[in-house]
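What follows is a single structure, written as structure tokens, with notes after it.
For the numbers below, each heavy atom of this structure counts, side chains included, while hydrogens, waters and symmetry mates do not.
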Amino acid sequence: MSNPRKFFVGGNWKMNGDKAAIDGIIEFMKKGPLNPNTEVVVGCPQCYLMYTRQNMPEEIGVAAQNCYKAAKGAFTGEISPAMIKDCGCHWVILGHSERRNVFGEPDQLISEKVGHALEAGLKVIPCIGEKLEERESNRTEEVVFAQLKALLPNISDWSRVVIAYEPVWAIGTGKTATPEQAQDVHAKLRHWLRENVNAEVADSCRIIYGGSVTPANCAELAKMGDIDGFLVGGASLKPDFVNIINARG
Ligand code: PGA
């Protein structure tokens, strides 16, 4: 049976780039060629959302890397889903491990942000993943299930959710999870969705892998049945990103 879920590749530029660098990324994205069967979204710094949206080919989605859980108000330094939409963008990445671990965002706040972003009409990439010590003490499942469970009450529309599983020990470290390690967690997450949401969501929700994905390892990862794409940090800034987008032939 062929996989019913459209392959999805997100780029997460993090706090990198300036207009000149973004022009370079746009150039290699335009040149492609990009597999039309892959959905592509790039996550750019908030101040460049409008610039990126205006210059990136239309078929490539543009995501913010964070947002707050309210439409407007006295929240200095924050941006709202309404503002992201006003910049012409339809996506937001939430709960990235750097938000969780560098900025201390807890599960509950991330869940509320996901809920508000969905209510406001955005598509959302919530990120989950275990730390090295959690994996080494056999707590991976416990940790990722708890992160997913915290999101559950605020997910009003699963068709606009793409879950990113990103083991913290693999992010930016060059230590990619093996295809078997990643597949194992993805299959467990899908099973969890089947038990705790329903079969339709379990079958249709994209679960993408992130953590040191490169052109060299993406093809093997893309072959795994429960890996529906990638969230790519460092490699999304380079022309090689095109090869990752095309990982599933
Ligand atoms: P990396 O980052 O590909 O640079 O490891 C992945 C991510 O943080 O989404």
Side-chain angles (χ1 to χ4, degrees), residues 5 8 10 12 14 43 63 65-67 69 92-118 124-156 158 160-199 201-213 217 220-222 224-234:
R5 297 178 294 272
F8 182 103
N12 177 10
K14 310 194 181 187
Q65 298 173 8
N66 187 23
C67 68
K69 60 173 179 171
V92 64
I93 299 168
L94 287 170
H96 187 274
S97 92
E98 286 141 25
R99 298 305 319 171
R100 292 175 185 269
N101 299 313
V102 181
F103 301 99
E105 291 192 12
D107 278 338
Q108 179 59 26
L109 174 62
I110 294 162
S111 180
E112 288 171 24
K113 288 180 175 196
V114 169
H116 177 67
L118 286 170
V124 181
I125 307 171
C127 306
I128 60 175
E130 83 286 0
K131 295 180 187 159
L132 183 60
E133 62 268 26
E134 293 164 339
R135 172 163 285 262
E136 286 178 341
S137 55
N138 292 320
R139 292 178 55 224
T140 299
E141 277 171 58
E142 178 194 325
V143 170
V144 294
F145 290 168
Q147 289 169 333
L148 206 47
K149 187 171 178 210
L151 297 175
L152 210 53
N154 286 309
I155 298 190
S156 50
W158 280 93
R160 285 187 282 122
V161 174
V162 174
I163 297 170
Y165 166 61
E166 302 200 291
V168 179
W169 49 271
I171 296 177
T173 58
K175 281 191 207 154
T176 322
T178 64
E180 292 73 23
Q181 279 175 324
Q183 165 62 25
D184 178 54
V185 179
H186 283 232
K188 285 174 178 154
L189 291 170
R190 201 175 301 289
H191 181 74
W192 191 94
L193 291 176
R194 196 173 302 280
E195 301 283 301
N196 294 278
V197 187
N198 59 51
V201 166
D203 290 337
S204 59
C205 183
R206 269 96 48 100
I207 306 176
I208 61 174
Y209 167 80
S212 299
V213 176
N217 58 34
E220 289 304 310
L221 286 158
M224 307 313 274
D226 289 293
I227 300 181
D228 304 313
F230 305 117
L231 187 56
V232 184

Is there a side-chain contact between [X] and [Y] in this structure, where contact means two heavy atoms from C-beta onward sitting under 4.5 Å apart?
X    : Y    : result
E141 : W192 : no
H96  : K14  : yes
K188 : V144 : no
K131 : V143 : no
I155 : V197 : no
L189 : V185 : yes
E134 : T140 : no
Q65  : E98  : no

Side chain to side chain contact (heavy atoms under 4.5 Å, CB included) between I125 and N12, worked out: CA-CA 11 Å; I125 307 171; N12 177 10; over 6 Å; no

Between N154 and L118, is the side chain to side chain contact (heavy atoms under 4.5 Å, CB included) condition met? List the steps. CA-CA 9 Å; N154 286 309; L118 286 170; over 6 Å; no

Please report the interatomic distance [atom1]([X]) to [atom2]([Y]), rounded to the nearest 0.5 Å.
X    : Y    : atom1 : atom2 : answer
K149 : E142 : NZ    : CD    : 11.5 Å
R100 : L109 : CZ    : CG    : 10.0 Å
I110 : Q147 : CD1   : CD    : 7.5 Å
L151 : D107 : CG    : CG    : 7.0 Å
I171 : T173 : CD1   : OG1   : 8.5 Å
M224 : I207 : CE    : CD1   : 14.0 Å

Would you say the side chains of E133 and W169 form a donor-acceptor pair under 3.5 Å?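 No - no donor-acceptor pair under 3.5 Å links their side chains.
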
Taking all atoms of both residues into account, what is the closest heavy-atom pair of [X] and [Y], and its distance?
X    : Y    : value
A63  : I93  : CB-CG1, 4.4 Å
I227 : A182 : CD1-CB, 3.7 Å
A170 : A177 : CB-N, 4.3 Å
S212 : N217 : O-ND2, 3.0 Å
V124 : P126 : O-CD, 3.3 Å

For the pair [X] (side chain) and [Y] (backbone), establish whether a donor and an acceptor sit closer than 3.5 Å, ignoring hydrogens and angles.
X    : Y    : result
S97  : V168 : no
K113 : C67  : yes
E166 : G129 : no

Determine, step by step, whether L221 and Q183 satisfy the side chain to side chain contact (heavy atoms under 4.5 Å, CB included) criterion, reporting the C-alpha distance in whole Å, the side-chain angles of both residues, the deciding distance to 0.1 Å, and the verdict. CA-CA 8 Å; L221 286 158; Q183 165 62 25; over 6 Å; no

Side chain to side chain contact (heavy atoms under 4.5 Å, CB included) assessment of L193 paired with I163: CA-CA 11 Å; L193 291 176; I163 297 170; 4.2 Å; yes

Ring-plane angle category for F230 and Y209, please: parallel below 30°, perpendicular beyond 60°, tilted otherwise. perpendicular

D203 and R190 ion-paired at < 4.0 Å: no

